[in-house]
K.L.:
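Would you mind keeping the following structure in view while I ask a few things?
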Amino acid sequence: MSAAEQRERLADLAPDRLEDLESEDEADDHPLPALPNVDAYDEVRMRLAPNPNGPWHLGSARMPAVIGTYKDRYDGWMLCRFDDTDPETKRPDLAAYDAILDAIDYLGFEPDDVVRASDRVAVYYDHARELVELGGAYTCSCPAEEFSELKNAGEPCPHRGKDAETVHEEFEAMVDGEYSAGEMVLRVRTDIEHKNPALRDWVAFRMVDRPHPREEAAHYRCWPMLDFQSGVDDHLTGITHIIRGIDLQDAAKRQRFLYGYFGWEYPEVVHWGHVQVDAYDVAMSTSTIKAKVESGELTGWDDPRAPTVASLRRRGIRGRAIVEAMVELGTSSANVDLSMSVVSANNRELVDDETDRAFLVRADGPGVDGAVELPVTDAPEAGTPPYHPDHDGRGRRTIPVDGAVLLERDDCPPAGERVWLKGLGCVRREGDGLVATDDPIDVVREGGVDVVHWVPTEENVRTRLRTMDGDVTGHAEPGLAAYDPDELVQFERVGFARVDAHEDDETVTYYAHP
RNA sequence: GCUCCGAUAGUGUAGUCCGGCCAAUCAUAUUGCCCUCUCGAGGCAAUGACCGGGGUUCAAAUCCCCGUCGGAGCACCA
């Protein structure tokens with residue numbers, strides 16, 4: 001009986017068992033757990049809510065990777081909403097808005113809509129006014145520290161009992177910019193004795209003296225806090241599922257007070273833990289990376305040592321490889337470590353088959369012992385290794401010998417010993433040079449002769465390979481000059497690399513992984 | 001101090017809701033062997049985990065309690 005027949009038969013005998021079977025199958029097909037309560041909604045609607053205070057580090061890629069994957073799975077809708085309501089502490093970087101949209105595209109997703117919170121300030125003001133009408137908020141001029149003490153003691157501040165008219169007037173004065181930073185806030189009235197101090201009468205709006213970097217928003221001085229802005233926007237944009245970090249665990253609890261006043265239903269919410277990526281010395285935080293870029297310690301956001309999306313992209317890693325790794329992390333609320341080897345393995349799987357091979361003899365750099373120049377006698381005029389060992393049909397490269405070759409020092413055979421120059425043939429070390437022998441390939445299989453890569457001393461391409469450990473310089477086979485920027489090659493016995501640029505004196509490549 | 005949350009091999013993950021098919025899945029990693037004109041790919045194998053202690057039960061990774069460890073919030077940041 002085939003699987004389909006079995007299924008049909010089961011449908012007759014025990015339809016409820018069939019349902020069980022199918023829900024299990026569904027789980028098997030998806031690495032991510034099912035979203036909660038999906039059936040209660042006509043459409044799954046989610047949002048990415050990046051703060052554009054800098055280009056994305058690797059951890060940020062988890063957001064589009066997971067949310068985008070859910071969007072595809074449920075045929076849902078995805079908003080990219082820039083939560084750029086802090087012109088001071090997490091000041092927006094004007095270049096980051098597009099950099100983030102580029103990163104989303106690189107990762108293979110497309111938001112159905114893009115909005116900026118800084119364009120929607122009037123909407124937040126309107127909702128604040130409504131909240132004041134409903135008695136759900138009050139203006140408060142307590143210094144932050146004083147309020148904090150009262151709050152921790154579970155005691156209301158004197159402003160909590162203000163009449164609606166005063167609150168209304170003072171909020172309008174906030175909107176009109178009549179206060180300076182720290183002088184007045186609008187608080188949501190929650191429960192000042194709530195057992196969780198984090199939820200007591202939180203700030204919804206505060207004053208910021210420094211103008212927003214976006215011209216369109218530069219005139220505002222009264223800015224909403226995340227809990228207010230995000231809460232209002234999630235409702236207004238019909239978000240059904242919120243997926244965000246555990247640092248925002250209490251945000252949902254705070255926002256429920258707001259939703260209570262407005263009579264709104266709170267969306268489903270999933271919190272995941274923090275991601276760390278091994279393999280990096282640089283801390284994965286926007287501000288840390290920004291500081292290192294500004295000080296010149298990193299050459300840019302796409303420096304190979306930077307734990308950023310732009311860096312992996314420049315190294316030739318496919319967005320898909322990152323997405324798959326992020327999706328495999330799941331949505332556990334425990335903190336997780338992402339192993340770069342998983343990203344590398346994913347990428348290798350994606351690119352290996354289509355990537356041409358090439359020789360790079362490394363001469364200088366971290367972990368490199370130098371290159372040695374050796375005259376070659378009696379050898380053929382050129383070596384002809386294949387473009388890809390698994391695809392003969394793609395043809396062979398032609399690498400001239402021109403009387404002398406460069407080998408990496410580690411590959412250089414001692415006097416009297418043989419080595420197989422890949423694609424060329426067997427040579428023996430005699431004095432300061434190499435002499436071709438007539439040995440068949442069997443000496444490699446049976447005789448313990450090593451196969452090594454090489455380039456001609458005369459005709460080669462000066463190459464820089466930028467790696468996470470620093471730059472390696474060396475010489476590549478002449479054919480490397482023919483690759484366009486953005487193409488990948490695998491330097492045999494070294495690793496995969498992306499061709500970045502052909503400069504006057506050298507070709508620059510970025511190392512991806514072994 | 002108050003309030004939440006979490007814990008399966010080096011890493012991630014499946015299984016936990018609804019206890020038995022779990023001497024625990026898959027991937028990655030490491031090691032060995034085979035294959036190979038790469039240290040890539042491919043094939044085979046090995047390594048390696050249910051945080052601890054109690055309880056419930058015929059039966060516990062799974063349910064309950066206590067502990068330990070880790071994380072988050074208590075911002076006029078997001």
K.L.:
Please list all pairs meeting side chain to side chain donor-acceptor pair (under 3.5 Å) that have one or both residues in residues 199-212 of chain A, counting only residues at least two apart or in different chains.
P.N.:
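Passing the test, one end in residues 199-212 of chain A: A:Tyr138-A:Asp201, A:Arg160-A:Asp201, A:Thr190-A:Asp201.
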K.L.:
Polar atoms only, N or O, under 3.5 Å: list the protein pairs with nucleotides 24-35 of chain B and their distances.
P.N.:
unit_1	atom_1	unit_2	atom_2	d
B:U28	O2'	A:Ser341	OG	2.9

K.L.:
State which residues pass side chain to side chain donor-acceptor pair (under 3.5 Å) with A:Thr437; sequence neighbours excluded, sorted by chain then number.
P.N.:
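In terms of side chain to side chain donor-acceptor pair (under 3.5 Å), with neighbours along the sequence ignored, A:Thr437 is linked to A:Asp439.
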K.L.:
Applying salt bridge (charged side-chain N to carboxylate O under 4.0 Å, His left out), which residue pairs with at least one partner in residues 141-157 of chain A are found, sequence neighbours left out?
P.N.:
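For residues 141-157 of chain A: none.
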K.L.:
Sort and list the pairs that fulfil side chain to side chain donor-acceptor pair (under 3.5 Å) and have at least one residue in residues 341-351 of chain A, not counting sequence neighbours.
P.N.:
A:Ser339-A:Ser341, A:Asn347-A:His513
K.L.:
Using side chain to side chain donor-acceptor pair (under 3.5 Å) as the criterion, list what pairs up with A:Arg493, not counting sequence neighbours.
P.N.:
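So A:Arg493 forms a side chain to side chain donor-acceptor pair (under 3.5 Å) with A:Asp411, A:His453.
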K.L.:
Base, backbone or nothing for each nucleotide of nucleotides 45-51 of chain B, written B, S, -, heavy atoms under 4.0 angstrom, 5' to 3'?
P.N.:
-------
K.L.:
Do any N or O atoms of the protein come closer than 3.5 Å to N or O atoms of nucleotides 72-75 of chain B, and which pairs are they?
P.N.:
unit_1	atom_1	unit_2	atom_2	d
B:A72	O2'	A:Ile246	O	2.9
B:G73	O2'	A:Asp250	OD2	2.8
B:C74	O3'	A:Lys151	NZ	2.6
B:C74	O2'	A:Lys151	NZ	2.6
B:C74	O2'	A:Pro197	O	3.3
B:A75	OP2	A:Ser148	OG	3.2
B:A75	OP2	A:Lys151	NZ	2.5

K.L.:
Only counting residues at least two apart or in another chain, list the ones meeting side chain to side chain donor-acceptor pair (under 3.5 Å) with A:Ser141.
P.N.:
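For A:Ser141, the residues satisfying side chain to side chain donor-acceptor pair (under 3.5 Å) (neighbours in sequence not counted) are A:His159.
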K.L.:
May I have the list of side-chain donor-acceptor pairs in residues 326-336 of chain A shorter than 3.5 Å, sequence neighbours left out?
P.N.:
unit_1	atom_1	unit_2	atom_2	d
A:Ser332	OG	A:Ala334	N	2.9
A:Asn335	OD1	A:His274	N	2.9

K.L.:
What residues form a side chain to side chain contact (heavy atoms under 4.5 Å, CB included) with A:Arg244, not counting sequence neighbours?
P.N.:
A:Arg47, A:Ser230, A:Ile242, A:Leu248, A:Ala251, A:Ala252, A:Gln255, A:Tyr266, A:Val269, A:His271
K.L.:
State the dot-bracket string of RNA chain B. Criteria: Watson-Crick or G-U wobble, both atom distances under 3.5 angstrom; notation: ( ) intrastrand, [ ] crossing earlier pairs, | interstrand, . unpaired.
P.N.:
(((((((..(((.......[.....)))((((((.......))))))...(((((..]....))))))))))))....
